[in-house]
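In what follows, a structure is listed as structure tokens, so that the remarks can point back to it.
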Amino acid sequence: MKKIFALVDCNNFYVSCERVFDPSLEGEPVIVMSNNDGCVVSRSNEVKALGIKMGVAVFEIAGQIEKHNIETFSSNYTLYADMSSRVMRTLWQFTPNMEIYSIDEAFLDLGGIDVPLGEYGRKIQETVTKWTGIPVTVGIGSTKTLAKVANYLAKRSARAKGVLDLTGSVHLETALEKTPVEKVWGIGISSAVKLKRAGIENALSLSKADSNWIRQKFGVNGLRTVYELKGDCCYELDDNPPVRKSIVVSRMFGRDVEVIEELKQAVASHVSRAGEKLRQEKLAAEVMTVYVMSSRFLKKNRYLNYYIITFTAATDDTRQMLGAAMEAVEKLYKEGVKFKRAGVVLNGLVPKDKIQLGLFGGCDKGKSESLMKVIDKINSRFGGRGLRWAAEGFEQPWQAKQNRLSKKYTTQWDELPQVR
DNA sequence: TCTGGGGTCCTAGGACCC
DNA sequence: TCTGGGGTCCTAGGACCC
């Protein structure tokens, strides 16, 4: 049977989430900022029309924000994650096989659907918007890469109104021709530069490029992209994503950190968060890397240092990770450095129930487990950081900026939206 | 003054071995 | 006049994604 993929993508997802709970933002220019209120990570169409690019620093567009009265929001990840799961739950109505590809995108297997695909796509679009308030675009193609192309064009075509089916379409070549090569899934900035230098400007000419040359210049993934554009499926729907390989918690500081006590607090709170994620997914880590760095924009005296800890047995015990991390900071700290970021990476992740016991220790396993369980339960019940480790500090003056944070409308009893 | 966070995979090159 | 070759494993860095 011929394969059919739909890519459903939420429009301006973070901005759309904010609009659901504040409809007065409809039609107004809105941006959502990254952590530390640093960069633009989501823009409404009105903001895109002003020529404000994805990822620019907020301070660089301060003038435009003022001039055009742009509403700004800090990232409210709790809200977005909850809205995402509502969207995904809705999408499950339309297919037995779905791959949740990111917080705002999913690939749906539409093989075997016996109504016209365009109509079906429209139905998906209308239902998601009606049930969740989030507007979405649906692109349909015979490979994932072509579904992406369809989605890209559906967003830009007035006639498509957010739904485009390219399967068996006589317009496929025209569609590929209208797609700039840098918009093709898998072609990033550096490949795009190389391709254009070779005269390949759009998806159509990429699909006709010489395989040997592509393989040599862009590796196996480049070749797969070309095949996919031709309609040869290289990427299957992955509806059972593999267990992840790493957990990263890293943040910039709201201001420079120069004393070791504050650096330790920041690392401790990252470790604490990483431990929560670990236990949430029923994993344990064999290796932990702690790193600290100055601003990466410094011209000189840039500083980056990391320290790798290998545990004698995989662990999910925050206390054990904290102890090791605090020693690491002692080794990484350097007087006179203006630290701007710290991070914790967990690797060697194994399912919790398959931990290889170390030769030493491990005798209070039961105690550790119940302690972690209680802490996680209290924190999830009261929405966040009700219980903190002493090492995380109390004032936390280094915390990232979040000056424009909206409420946790859907996950926090005392922040529910009110109807008057 | 101010510049995100969290992932995956591939490749090239060095170390080492026979 | 002369330089081996090929395999494996590891790691750092690059590229890409959202």
Side-chain angles (χ1 to χ4, degrees), chain A residues 7-14 31-43 52-63 65 72-77 80-81 84 99-107 144-145 148 151-152 181-195 214-225 234-235 238 241-256 270 273-274 277-278 281 287 289 291 293-299 302 304 306 308 338 340-349 399-404:
Chain A
L7 176 68
V8 180
D9 182 315
C10 300
N11 302 344
N12 316 331
F13 182 55
Y14 297 173
I31 62 172
V32 173
M33 301 176 288
S34 64
N35 216 281
N36 214 22
D37 293 348
C39 295
V40 175
V41 291
S42 182
R43 304 158 295 160
I52 292 174
K53 297 263 182 280
M54 180 73 175
V56 296
V58 172
F59 74 87
E60 284 174 357
I61 57 162
I65 291 176
T72 61
F73 289 89
S74 303
S75 281
N76 185 344
Y77 201 78
Y80 310 149
S84 172
E99 174 185 346
I100 298 177
Y101 179 65
S102 75
I103 192 166
D104 70 336
E105 277 176 62
F107 286 105
K144 283 178 164 181
T145 304
K148 277 271 190 183
N151 194 291
Y152 169 80
V181 75
E182 69 271 18
K183 300 296 179 187
V184 173
W185 193 41
I187 303 299
I189 178 75
S190 96
S191 302
V193 168
K194 271 193 254 176
L195 286 166
I214 292 287
R215 172 68 182 86
Q216 197 206 331
K217 296 281 181 198
F218 305 97
V220 291
N221 286 330
L223 201 53
R224 285 187 187 129
T225 298
C234 299
Y235 299 110
D238 191 359
V243 280
R244 62 156 124 201
K245 300 183 170 156
S246 65
I247 287 175
V248 178
V249 177
S250 106
R251 292 276 180 288
M252 290 193 49
F253 303 135
R255 62 154 166 78
D256 289 347
H270 294 355
R273 181 77 196 100
K277 286 194 192 179
L278 203 53
E281 304 196 18
V287 179
T289 304
Y291 69 88
M293 59 191 284
S294 61
S295 166
R296 64 197 163 97
F297 296 98
L298 284 182
K299 290 277 182 291
R302 207 175 305 162
L304 164 68
Y306 57 91
I308 301 172
K338 292 187 197 313
K340 197 63 191 163
R341 171 197 289 278
V344 175
V345 184
L346 301 176
N347 279 307
L349 303 184
Q399 275 283 15
K401 280 176 277 190
Q402 279 193 306
N403 294 330
R404 308 277 307 152

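By convention in this document, chain letters (A, B, ...) are assigned in the order of the sequence lines, proteins followed by strands, and residues within each chain are numbered from 1. The figures that follow rest on heavy atoms only: side chains count, while hydrogens, waters and symmetry mates do not. These numbers come from a predicted model, not from an experiment.
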Problem set entry | SB check A:Lys53 A:Glu60 (cutoff 4.0 Å) | no
Within this structure, what is the [atom1]-to-[atom2] distance between [X] and [N], rounded to whole angstrom?
X	N	atom1	atom2	result
A:Met33	B:dT3	CE	C1'	13 Å
A:Phe253	B:dG4	CZ	P	14 Å
A:Asn221	B:dC10	CG	C1'	7 Å
A:Arg244	B:dT8	CZ	C1'	12 Å
A:Met54	B:dT3	CE	P	17 Å
A:Leu346	B:dT8	CG	P	12 Å
A:Tyr235	B:dT8	OH	C1'	12 Å
A:Phe73	B:dG4	CZ	C1'	19 Å

Problem set entry | Is_stacked (A:Phe59, B:dT3) at 5.5 Å, 30 deg | no
What is the nucleic acid contact for [X], judged by heavy atoms within less than 4.0 Å: base, sugar-phosphate only, or nothing?
X	result
A:Ser246	sugar-phosphate
A:Val249	sugar-phosphate
A:Arg255	nothing
A:Asp37	nothing
A:Lys401	nothing
A:Val220	sugar-phosphate

Problem set entry | Stem regions touching DNA chain C, defined by at least 3 consecutive Watson-Crick or wobble G-U pairs below 3.5 angstrom | B:5-18 with C:5-18
Does the side chain of [X] get closer than 4.0 angstrom to OP1 or OP2 of [N] through an N or O atom?
X	N	value
A:Lys340	B:dT3	yes
A:Ser75	B:dG4	no
A:Arg251	B:dG6	yes
A:Arg341	B:dG5	yes

Do [X] and [Y] come close enough that some side-chain heavy atom pair is under 4.5 Å?
X	Y	answer
A:Ile65	A:Ile31	yes
A:Leu195	A:Phe218	yes
A:Thr72	A:Asp37	no
A:Met252	A:Asn35	no
A:Tyr14	A:Ile103	yes

Problem set entry | Whether over 12 other heavy atoms sit under 6.0 Å from A:Lys338 NZ | no
For this session: For A:Lys277, look at atom NZ and say whether over 12 heavy atoms of other residues, nucleotides or ligands are found less than 6.0 Å away.
Result: yes
Seminar exercise, completed: On DNA chain B, more 5' by nearest nucleotide between A:Val243 and A:Glu60 is A:Glu60
Problem set entry | Along DNA chain B (nearest heavy atom to each residue), the more 5'-positioned of A:Asp256 and A:Ile247 | A:Asp256
Seminar exercise, completed: Nearest heavy-atom approach of A:Ser250 to A:Arg341 is OG-NH1, 2.8 Å
For this session: For nucleotides 11-18 of chain C, just jot down a letter per nucleotide in 5' to 3' order: B, S or -, based on protein non-hydrogen atoms under 4.0 Å.
Result: -S--SSSS
Exercise. Could you state the interatomic distance from CZ (A:Arg215) to CZ (A:Arg224), rounded to the nearest 0.5 Å?
Worked result: 9.5 Å
Exercise. Is the NZ or CZ atom of A:Lys144 both under 6.0 Å from the centre of the six-membered ring of A:Phe107 and within 45° of that ring's axis?
Worked result: yes
Exercise. Between B:dT3 and C:dC18, how far is it from one P atom to the other, in whole Å?
Worked result: 25 Å
